[in-house]
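Take a look at the structure set out below.
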Amino acid sequence: MKKHVLFLTGLFAALAVLTVLAGRERRGSSASRLLAGVSLPALGGVDRKDMGACSTHRCLNVYVSPWCGVCRASTGLVKDLRGYLSEKGVETRVIVGRDSPGEVEGYAQEFGPGTFLDPGGRFPLRGGVPNFIVSDAEGRILRSVPGVPRVYHSPVSPEILQSFAESLELFEAPARS
């Protein structure tokens, strides 16, 4: 029990530090950055005309690259997070890019249908990979968090997924006018 409490305390501390250091890209300065107009093909040849179109209040866009060891080690986390957020009503899109088309498509297969391909780096990414980009329903980038607090192996517990989603501010209510 004591090890579990220490682990969770360390996890929350790591998430807080990551949020402060890497999550600087927040409302205000990032509001001018849009995903609207970025069109990427999905695995299987389906085109997404507008990456800015989000069917939920907030979307999580996870950008990974085939050459990135941390991305590869975090594949299970990303897949588990995608499933968890789907159950919570948050759209999650995985974008694989910044490598040769063959490498991008090969790595995208690990995430399955609906994974977007960006070999040429058209998606507006700031910082390293993996990168967790939160956007709103209009495609404004609200937050960009490069890296992961630590590598988790699948299956990732719902408590860790919930904590990670909360640190990304994915469940905040829409602002009222």
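All values derive from a computational prediction rather than experimental measurement. Start at 1 with the first residue, then count along the sequence.
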Are Phe111 and Val151 co-members of a hydrophobic cluster defined by side-chain heavy atoms under 4.5 Å apart? no
How far does [atom1] of [X] sit from [atom2] of [Y], to the nearest 0.5 angstrom?
X      : Y      : atom1 : atom2 : value
Glu105 : Leu43  : CD    : CG    : 6.0 Å
Gln162 : Leu85  : CD    : CG    : 9.0 Å
Arg93  : Cys59  : CZ    : SG    : 4.5 Å
Leu77  : Ile160 : CG    : CD1   : 9.0 Å
Arg82  : Glu87  : CZ    : CD    : 13.5 Å
Ser86  : Leu81  : OG    : CG    : 11.0 Å

Given the rule in the side-chain contact (heavy atoms from CB on, under 4.5 Å) test, do Leu35 and Ile141 qualify, once you have shown the distances and angles that lead to the verdict? CA-CA 7 Å; Leu35 297 178; Ile141 296 175; 3.8 Å; yes
For the student: nearest non-hydrogen atoms of [X] and [Y], plus distance:
X      : Y      : value
Glu138 : Leu34  : O-CD2, 4.4 Å
Phe116 : Leu40  : CD2-O, 3.7 Å
Ser74  : Val148 : OG-CG2, 3.7 Å
Ala108 : Leu117 : CB-CD2, 3.4 Å
Phe123 : Ile95  : CE1-CD1, 4.0 Å
Ser135 : Asn61  : OG-ND2, 3.1 Å

Tell me whether the NZ or CZ atom of Arg58 lies within the 45° cone about the ring axis of Phe171 and under 6.0 Å from its centre. no
Between [X] (side chain only) and [Y] (backbone N and O only), is there a donor and an acceptor less than 3.5 Å apart?
X      : Y      : result
Asp99  : Val104 : no
Arg98  : Trp67  : no
Ser100 : Glu103 : yes
Ser167 : Phe164 : yes
Thr115 : Gly112 : yes
Ser65  : Cys68  : no
Glu91  : Cys54  : no
Arg72  : Pro66  : yes
Asn131 : Gly128 : yes
Asp80  : Val156 : yes

Verify whether the ring centers belonging to Phe132 and Tyr63 lie closer than 6.0 Å. no
Salt bridge between Asp136 and Arg140, side-chain N to carboxylate O under 4.0 Å? yes
Between Glu110 and Val78, is the side-chain contact (heavy atoms from CB on, under 4.5 Å) condition met? List the steps. CA-CA 11 Å; Glu110 293 185 38; Val78 172; over 6 Å; no
Flag the pair Val145 / Ile133 as yes when at least one side-chain heavy-atom distance between them is below 4.5 Å, and no otherwise. no
